[in-house]
2 protein chains.
Amino acid sequence: MRKVTLSTIAEELGVSTATVSLALRDSPLVADATKERIKEAASRSGYIYNRRAASLRTSRSGIIGVVVPDIMNPFFAEILVGIEEELGSSRHTFILCNHRDKIAAQQNFIETLLQFGADGVILSPAIGTTADDIRAIESSGLPVVFVARWVKGARVPVFRGDDKKGAYMVTRHLIEMGHRKIAFIGGKRETSTGNDRREGFLAALEQAGIEAVPELRIGSERTRKAGYDAARTMFSKDREAATAIVCFNDLLAIGVMSGLRSLGIEPGRDVAVAGYDDIAEAEISAPTLTSVWNGQQEAGRLAARAMVRILTGSVSEEDAHDDRLIQPELRIRESSCPPKPV
Amino acid sequence: MRKVTLSTIAEELGVSTATVSLALRDSPLVADATKERIKEAASRSGYIYNRRAASLRTSRSGIIGVVVPDIMNPFFAEILVGIEEELGSSRHTFILCNHRDKIAAQQNFIETLLQFGADGVILSPAIGTTADDIRAIESSGLPVVFVARWVKGARVPVFRGDDKKGAYMVTRHLIEMGHRKIAFIGGKRETSTGNDRREGFLAALEQAGIEAVPELRIGSERTRKAGYDAARTMFSKDREAATAIVCFNDLLAIGVMSGLRSLGIEPGRDVAVAGYDDIAEAEISAPTLTSVWNGQQEAGRLAARAMVRILTGSVSEEDAHDDRLIQPELRIRESSCPPKPV
DNA sequence: CGGATGAATTTAAAGGTTTTAAAAAGCGTG
DNA sequence: CACGCTTTTTAAAACCTTTAAATTCATCCG
């Protein structure tokens, strides 16, 4: 029982492999009757299309690389879901890389993609990625689109939530509730997302004429644990260090709430807390968490769609650079509260 | 600037492509001096190894399929991390599928894997997968290993936590605290995991001479939302329906705790709650959640390692069927409490 | 009826690597 | 210098598909 290939079928039916190839792809060059016979024979014999062989010839592999910082982070997991859904409907498959913000890992993966003859890469670049890095990738023949994060100076379409606006919205919401001492926890200056959210935060303060106090901004990892620690650091000396906290993301915010509670401070009553991303947990944490819906899945979907468009050539150069900012939505929940009356 | 291939280099150096191919793979057949020259030329000219071409010849693609129910579930995300780490160190790449317990999606993906000439597949099978399905996959040339879930009757190595034992341990822990009315929430009878955990639960009850009450077992999805709903269903009529709850997983347990609290029942004081999997959230939820560490990452790593071993032939038939049960560990936290005195 | 047209099919090359058998080169020996 | 032996190198086939160009064959038109 040797492997069934085009020529197995061709032989069996007494036609050429070219005919078989064309027939299976429904080419109008082949007579209907022949197509029938061929297709029947193919499915009967359990023929399996050999993409490696095909792509060797066509130099189109149907593989798209997806590079994200960390799939354990629901934010990126959700983006991935969006990408997967979209690619599923377009005969493309993706291979995945978690770079954990290690440039080397990212670089390594790009190399692998090239070896596989990947058609393109959807990238949430690692901290420290330069515009030159991106250019290098592109000039080696891999089209790039960004998702969630992007790199300054790289002329590449980017799909992401409007972080600055979202951060502005949630900060503004807290200000409107009467807060003046608002802290910002988490996010690294090095990531575009971190920068944008911080900017939005600062913009809201400024607009309300509130002076920004550097002590009220703590950078950190983007994990629950980091949130827990940051909250304890900030509030252990001064229980009224701030009356509200904007967190870089929900994971952090949930950690922050635990941290507060461990100090006997009740989030949503003593101190208002807000997160970002609106992950599933936000709705079910205790208290439920005010957050900003950021359209991760949508971003993934759009990025994948854009990539497919680029690959199928059904996109103008213009189109490709039409960065799509997904409009964030504020989700107000129990963790929002006015400042405690003194 | 045409693409650099073996023959580009061969031409430049006036040797044959065979020599170049062998040299780049460090074959002892090539003289050291020649190797030097060739390697130098390769890196200078930016040669990229073409895996499609190679794998066409060798029928080894270096691709491994990974099939899990849902990456949004941290349980599976963690398995994935284990797999990725392990594969990273062994020149293999994986392509991913979320089947969402749809057999069709799983089947589809297997087809894709075959087209790509994948070397094997690491599978957390969809509900309803039969031993025949697995046999079909294997007989089409894809070695299979299971991770987390498995299929009865399929002679395939499986790497997973000892669910039965873990469920036994956590139930036993609650019994020792004095509980007699213990509920079990979540999990589907159709998954191996669901079954095993339920069995462990029942075994602990039986061993303690506690009668199992069917009303205290609710099957459900494995999400936070489902936990929330289940808790409300169970406790809304009778606030003392049970004094302790064992949940199928942490996600559910966190939902259950929220559900309880929404009824004014305080988890960890009024009712003991325990989860399973020990995901990161368990440590940081409020109250922190008693759970069972199940070694997801370890399971992923072992599964990947086993697959690589199978592929490199460095494994006896014996070895391959040495299913590895990872020993669970009980993590007792605040959500454990004795039954409320009446 | 010769030649043009068009449809259906085939031929042959190309794509880049690996591998096997065989050739070549080098070298010491008798 | 012929011989055998080892070390290097090579030619060529194989892997399977796609595609441009060529071929066949029947039909149609003037």
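Note: hydrogens, waters and symmetry copies are ignored here, and every other heavy atom, side chains too, is used. Quick caveat: nothing in here was measured; it's all calculated off a predicted structure. All chains are named by letter (A, B, ...) in the order of the sequence lines, taking the proteins before the strands, and each is independently numbered beginning at 1.
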Q: Start with the C-alpha gap between S55(A) and R60(A), add the side-chain angles, then the distance that decides, and say whether side-chain hydrogen bond (donor to acceptor under 3.5 Å, both in side chains) holds.
A: CA-CA 5 Å; S55(A) 88; R60(A) 266 300 165 79; over 6 Å; no
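- Comparing dA12(D), dG16(C), dT18(D) by their closest approach to the side chain of T17(A) singles out dT18(D).
- Scanning all heavy atoms of the two residues, the minimum distance from V151(A) to T130(A) falls at CG1-C, 3.7 Å.
- Of all heavy-atom pairs between G295(A) and I326(A), the closest is O-CD1, 3.6 Å.
- Across the interface with DNA chain D, nearest-nucleotide mapping of N50(A) and D32(B) shows D32(B) to be the residue nearer the 5′ end.
- Put simply, the side chain of T312(B) gets close to the backbone of V308(B): a donor and an acceptor are under 3.5 Å apart.
- One atom, CD1 of I48(A), and another, C1' of dC15(D), lie 16 Å apart when rounded to the nearest Å.
- Look at CG on L56(B): it is 8 Å from C1' on dT17(D), rounded to the nearest Å.
- Checked against dT17(D), dT9(D), dT18(C), the side chain of V30(B) finds its nearest nucleotide in dT9(D).
- T34(B) comes within 4.0 angstrom of sugar-phosphate atoms only, judged by non-hydrogen atoms across all strands, and of no base.
- Rounded to an integer number of Å, the gap from I38(A) CD1 to dA8(C) P is 13 Å.
- Across the protein-nucleic acid pair, R52(B) atom CZ and dA14(D) atom P stand 23 Å apart, rounded to whole Å.
- Candidate nucleotides dT10(D), dT17(C), dT19(D) were compared by shortest atom distance to the side chain of V15(B), and dT10(D) ranks first.
- Among the protein residues, T58(A) comes within range of the sugar-phosphate backbone only, with heavy atoms under 4.0 Å from sugar or phosphate atoms but none that close to a base.
- Remark: R25(B) is in phosphate contact with dT19(C), judged by side-chain N or O atoms under 4.0 Å from OP1 or OP2.
- Protein atom OH of Y49(B) is 7 Å distant from nucleotide atom C1' of dT17(C), rounded to whole Å.
- Contact annotation: T19(A) reaches the phosphate of dT10(C) (side-chain N/O to OP1 or OP2, under 4.0 Å).
- Note on T5(B): only backbone sugar-phosphate atoms sit closer than 4.0 angstrom, heavy atoms only; bases stay farther off.
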Q) After noting the C-alpha distance and the side-chain angles of S45(A) and E12(A), does the key distance pass the side-chain hydrogen bond (donor to acceptor under 3.5 Å, both in side chains) rule? A) CA-CA 10 Å; S45(A) 61; E12(A) 181 192 328; 5.3 Å; no
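- Atoms CG (L6(B)) and P (dT10(D)) sit 13 Å apart, rounded to a whole Å.
- Here dA21(C) presents its C1' atom at 13 Å from CG of L22(B), a figure rounded to the nearest Å.
- Counting any heavy atom pair closer than 4.0 Å across all strands shown, A31(A) reaches sugar-phosphate atoms only and no base atom.
- As rounded to whole Å, 13 Å separates atom C1' of dT17(D) from atom CD of Q115(B).
- Residue-to-nucleotide proximity on DNA chain C shows that, of R51(B) and G14(A), the 5′-proximal contact is made by G14(A).
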Q | S7(B)/T5(B) under side-chain hydrogen bond (donor to acceptor under 3.5 Å, both in side chains): CA gap, chis, key distance, verdict | A | CA-CA 5 Å; S7(B) 54; T5(B) 71; 3.0 Å; yes
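- Mapping S16(B) and S7(A) onto DNA chain D via the closest heavy atom, the residue that lands nearer the 5' end is S16(B).
- A close approach under 4.0 Å does occur between a side-chain nitrogen or oxygen of Y47(B) and OP1 or OP2 of dT17(C).
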